[in-house]
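Just so it is clear, the structure is predicted and the values come from calculations on it, not from any experiment. Here, residue 1 is the first one in the sequence, and each next residue gets the next number.
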Amino acid sequence: MAAAATVSGIVAAGVLSGAGTAVAEGRPQAQGGATATINGLKTYGEAVVHDAGGDQRVEAGLFEMSVDGGGTLQTYCVDLRTPTQRDAPYQETSWSSTSLGTNKNAGKVRWILQHSYPQVNDLVALARKAGAGNLTEQDAAAGTQVAIWRYSDGAKVDAVDPQAEKLADYLERSARGLAEPQASLTLDPPAVSGRPGAPLGPVTVHTDATGVAVSPPADAAISGVRITDKTGKAITTAKNGTRLYFDVPRSAANGTAQLTVQASTTVPVGRAFASDSRSQTQILAGSSESTVSATASATWAAEGAIPAVSAHKNCARSAVDIVTSNNGDKPFTFELMGAEHTIPAGTTRTVSVPLQEDQAYDFTITGPNGFSHRFTGVLDCKTQGAITTRQAKAHNDPRPATVGGTAAPDTNLAATGGSAITPLIAGAAIGLVVIGGAVLVVLRKREQTDGS
């Protein structure tokens, strides 16, 4: 519980200079792309994990996710020992924000995804390559998951079905390192700043979609802020490589604005999906046409420091990196974790905030003219722990168990992992039984004494 304590008392105070409207935003470290909700384990078989605590049987296979705005994703787990929370929200993210970022075998996981089910749906041909007999979809999903776990978690794990095991061995033996896939949609940088009357940017679109829709700030009709190209022409659509600018009227009061881009595309195989609800990390195996989006913000002021702040998880450093630019004419100074940081005018610097694994954080950085940005999340960078409970038998509609909640009928575990809290619950239950038995003995003796 101590490791999960929120760092809510850490407030980075900027140098306040002048009045302005405060703008506070809660920003998880989303870099754009697809957001989705996990529905459960849909196509699966069984595997045996050989752990320090003994052999444990778990379900192994494909999860399904529903994309916000429309679409469906299929994923495998790359975080065997972490439970999956029912209906947990997930965000597409870079490998560097997950355990894959420090895993030298992450590229082999992507190779497996591209050379097995469901990307390869000719199971006869897949079985032939693997030297297996007849592969069902369940066998193919289980064998693929087992091969992934051997690289993503370094796990000693075998598929229960012999044909699935042959597929897992073939995939493990054949895997080669591949580069991380590009995001389905991002904006770079996610925050810019400058003087009103001059274009603020550029913000570059990176996407595999054929085109994206560009939405101006919600109050554009009032503020007069437009989204344009470098010539000042208003833009409502863009494509990969398009550079976007915030066109802020010279007479505009000091303030901020946000643009949004959205597209429909298939998310690249191998993209990571993470959840701040401590639900096991997933990696994409297949995607329907899905809705993806990204946002970028702009801050402007007539004088003084003009900060632009963004943040992202850096698992290589076990930290959250706060990236701060100052396009004003005075230094921007703020305090974070008891240390003062100064960003000179016209420069950009990164401040790394070290955190413990599974630690929640809540940072707010404030600045001139009511500038305020809040960043929240959980640092989840490692596959760790041990499977300490036995997996429930397969059932018709498998769903991952909740953490600290009520499990579905016949399900008392995460679908592809175990929870270290289960022995504590079991121990507490045994203790209550013992106490209850002792109470009954005392009451019975008292009744006998009273009766005599």
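- Separating the CG atom in Leu284 from the CE atom in Met65 is a distance of 8.5 Å, to the nearest 0.5 Å.
- Atom CG in Leu100 sits 6.0 Å away from atom CG in Asn103 (nearest 0.5 Å).
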>> Working note: Lys156 + Asp51, criterion salt bridge (charged side-chain N to carboxylate O under 4.0 Å, His left out); need CA distance, chi angles, decisive distance, verdict.
In response: CA-CA 7 Å; Lys156 295 180 179 179; Asp51 222 343; over 6 Å; no

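- Side-chain contact of Thr342 with Thr333: a donor-acceptor pair under 3.5 Å is present, judged by distance alone.
- Rounding to the nearest 0.5 angstrom, the gap separating the CD atom in Glu64 from the OG1 atom in Thr72 is 5.5 Å.
- When side chains are defined from C-beta on, Ile322 does not count as touching Thr350, because their heavy atoms never get closer than 4.5 Å.
- With Ser275 contributing its side chain and Arg278 its backbone, the two residues share no donor-acceptor pair below 3.5 Å.
- In this structure, Phe332 and Phe371 have perpendicular ring planes: the angle between them is above 60°, well past the 30° mark.
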Val203/Asp188 under side chain to side chain contact (heavy atoms under 4.5 Å, CB included): CA gap, chis, key distance, verdict
CA-CA 5 Å; Val203 174; Asp188 182 39; over 6 Å; no

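- Defined by atom type and a distance below 3.5 Å, a donor-acceptor pair is missing between the side-chain atoms of Thr207 and Asn240.
- To the nearest 0.5 Å, atom OH of residue Tyr361 and atom OG1 of residue Thr376 are 7.0 Å apart.
- Inter-residue side-chain proximity for Gln145 and Cys77 is flagged as met; some heavy-atom pair is nearer than 4.5 Å.
- A donor-acceptor pair under 3.5 Å is formed between the side chain of Ser174 and the backbone N or O of Tyr170.
- A donor atom on one side chain and an acceptor atom on the other are found under 3.5 Å apart for Thr35 and Asp68.
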query: Under the side chain to side chain contact (heavy atoms under 4.5 Å, CB included) criterion, do Leu185 and Thr265 qualify, and how do the steps go?
result: CA-CA 9 Å; Leu185 178 60; Thr265 187; over 6 Å; no

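- Formation of a donor-acceptor pair under 3.5 Å by the Gln56 side chain with backbone atoms of Val48 is not found in this model.
- Smallest separation of non-hydrogen atoms from Thr260 and Thr295: OG1-CG2, 3.6 Å.
- Salt-bridge check for Arg271 with Asp208: failed, with every basic side-chain N at 4.0 Å or more from each acidic carboxylate O.
- In this model, no donor atom of one side chain and acceptor atom of the other lie less than 3.5 Å apart for Gln262 and Ser293.
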*side-chain hydrogen bond (donor to acceptor under 3.5 Å, both in side chains) between Ser66 and Asn39, intermediate numbers included*: CA-CA 7 Å; Ser66 296; Asn39 298 329; 2.7 Å; yes

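- At a cut-off of 3.5 Å, with distance as the only test, a side-chain donor of Gln280 or Thr84 sits close to an acceptor on the other residue.
- Ala305 and Pro368 make their closest contact through O-CG, 3.6 Å (heavy atoms, listed as atom of the first residue, atom of the second, distance).
- The shortest non-hydrogen separation linking Ala140 to Leu135 is N-CD2, 4.4 Å.
- Side-chain atoms of Arg110 do not come within 3.5 Å of backbone N or O of Gly177 as any donor-acceptor pair.
- Salt bridge Asp158/Arg57: absent, no basic N to carboxylate O contact under 4.0 Å.
- With a 4.5 Å cut-off on side-chain heavy atoms, Thr204 and Arg243 count as touching.
- Counting heavy atoms from C-beta outward, Leu187 and Val205 have side chains that approach closer than 4.5 Å.
- The aromatic rings of Phe375 and His373 sit tilted, their planes meeting at an angle between 30° and 60°.
- The closest donor-acceptor contact from the side chain of Gln119 to the backbone of Ala285 lies under 3.5 Å.
- Proximity of a side-chain donor or acceptor of Tyr44 to a complementary backbone N or O of Ala142 within less than 3.5 Å is not detected.
- The closest side-chain heavy-atom distance from Thr281 to Thr82 is not below 4.5 Å.
- Side chains of Thr37 and Tyr90: a donor-acceptor N/O pair is absent below 3.5 angstrom, by distance only.
- Heavy atoms of other residues, nucleotides or ligands lying less than 6.0 angstrom from CD of Gln182 number 12 at most.
- With hydrogens and angles left out, the side-chain atoms of Glu92 and Ser184 include a donor and acceptor closer than 3.5 Å.
- Residues Val309 and Val323 are not in side-chain contact: their nearest non-hydrogen atoms beyond the backbone lie 4.5 Å or more apart.
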- Carefully, step by step, assess Asp362 and Arg374 under the rule salt bridge (charged side-chain N to carboxylate O under 4.0 Å, His left out). CA-CA 7 Å; Asp362 191 344; Arg374 180 183 176 193; 2.7 Å; yes

For the pair Ile283 and Phe273, evaluate side chain to side chain contact (heavy atoms under 4.5 Å, CB included) and give the outcome as yes or no after the intermediate values. CA-CA 6 Å; Ile283 192 165; Phe273 279 79; over 6 Å; no

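- Counting heavy atoms from C-beta outward, His341 and Leu336 have side chains that approach closer than 4.5 Å.
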Determine, stepwise, if the pair Leu73 / Val267 fulfils side chain to side chain contact (heavy atoms under 4.5 Å, CB included). CA-CA 8 Å; Leu73 306 177; Val267 182; 4.2 Å; yes

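- Pro181 and Gly270 make their closest contact through CG-C, 3.6 Å (heavy atoms, listed as atom of the first residue, atom of the second, distance).
- A donor-acceptor pair under 3.5 Å is formed between the side chain of Gln91 and the backbone N or O of Gly32.
- The main-chain N or O of Trp95 is found under 3.5 Å from a side-chain atom of Thr98 such that the two form a donor-acceptor pair.
- Taking a 6.0 Å sphere around CG of Asp122, one finds it holds more than 12 heavy atoms contributed by other residues, nucleotides or ligands.
- Using modelled atom types, no side-chain atom of Asn326 and backbone atom of Thr348 make a donor-acceptor pair closer than 3.5 Å.
- Counting only heavy atoms from C-beta outward, the side chains of Ile227 and Phe246 approach each other to under 4.5 Å.
- Of all non-hydrogen atoms in Asp380 and Cys315, the two that sit nearest each other are O-SG, 4.3 Å.
- The two residues Val146 and Ala47 come nearest to each other via the heavy atoms CG2-CB, 3.7 Å.
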Item to complete: Report the C-alpha separation of Arg150 and Asp169 in whole Å, then their side-chain angles, then the decisive distance to 0.1 Å, and conclude whether the salt bridge (charged side-chain N to carboxylate O under 4.0 Å, His left out) test is met.
Response: CA-CA 10 Å; Arg150 291 173 182 175; Asp169 289 343; 2.8 Å; yes

### Task
Kindly determine whether Arg317 and Ser352 satisfy side-chain hydrogen bond (donor to acceptor under 3.5 Å, both in side chains), including the steps that lead there.
CA-CA 8 Å; Arg317 295 185 178 182; Ser352 291; 2.9 Å; yes

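- Distance check: Arg176 CZ to Trp111 CH2 gives 7.0 Å after rounding to the nearest 0.5 Å.
- Within the model, atoms CG of Leu113 and OG of Ser116 stand 8.5 Å from one another, a figure rounded to the nearest 0.5 Å.
- Side chain of Glu165 to main chain of Pro162: no donor-acceptor pair is present (N/O by atom type, distance under 3.5 Å, no hydrogens or angles).
- Glu357 and Lys313 are not joined by a salt bridge, as no carboxylate oxygen comes within less than 4.0 angstrom of a charged side-chain nitrogen.
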